[in-house]
Amino acid sequence: MTIYVPPELMAFAQGEVSARGMGTVNDYVCELIRKDRDRVNLRDLLMEGATSAFGTPADAKYFDGFRSRVTGSAAS
């Protein structure tokens with residue numbers, strides 16, 4: 001894919017490549033696209049959660065059980 005980038009944006013992108021220790025402007029553009037994809041996915045998940053039915057309240061007992069499942073230990 002070939003895109004035109006105005007000189008002032010190209011200079012900014014090249015500066016970011018240097019500042020972030022990346023190899024090329026292509027690497028920088030790919031990172032931006034991945035971050036935008038992640039942002040869209042997160043927004044979709046948040047909207048799905050906002051429109052879903054209410055579930056079990058997340059109280060201390062819920063978090064104790066969750067912690068036990070994550071760590072593989074018994075709840076304290």
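For the single chain, residues carry numbers from 1 onward in sequence order. Because the structure is predicted, anything quoted here is derived from the model rather than measured.
- Between R37 and V40 there is no side-chain heavy-atom pair separated by less than 4.5 Å.
- Atom CD of E48 is surrounded by 12 or fewer heavy atoms from other residues, nucleotides or ligands within 6.0 Å.
- By the rule that hydrophobic residues join a cluster once side-chain heavy atoms approach within less than 4.5 Å of another member, I3 and M22 end up as members of one cluster.
- Between D64 and R67 a salt bridge is recorded (basic side-chain N to carboxylate O distance below 4.0 Å).
- Interatomic distance, CD of E16 versus CG of D27, reported as 13.5 Å (0.5 Å rounding).
- Between V17 and T24, the closest heavy-atom pair is CG2-O, 3.4 Å.
- Heavy-atom minimum distance, V5 versus M10: CG1-N, 3.5 Å.
- Using a 4.5 Å heavy-atom threshold, the side chains of Y4 and P6 count as touching.
- Classification of the Y62-F66 ring pair by plane angle, with boundaries at 30° and 60°, yields parallel.
- Here N41 contributes atom CG and D44 contributes atom CG; the two are 6.5 Å apart, rounded to the nearest 0.5 Å.
- Legend: residues meeting side chain to side chain donor-acceptor pair (under 3.5 Å) with D38, ordered by chain and number and at least two apart, are absent.
- L32 is not connected to L42 by any chain of hydrophobic side-chain contacts under 4.5 Å among Ile, Leu, Val, Met, Phe, Trp and Tyr, and they are in different clusters.
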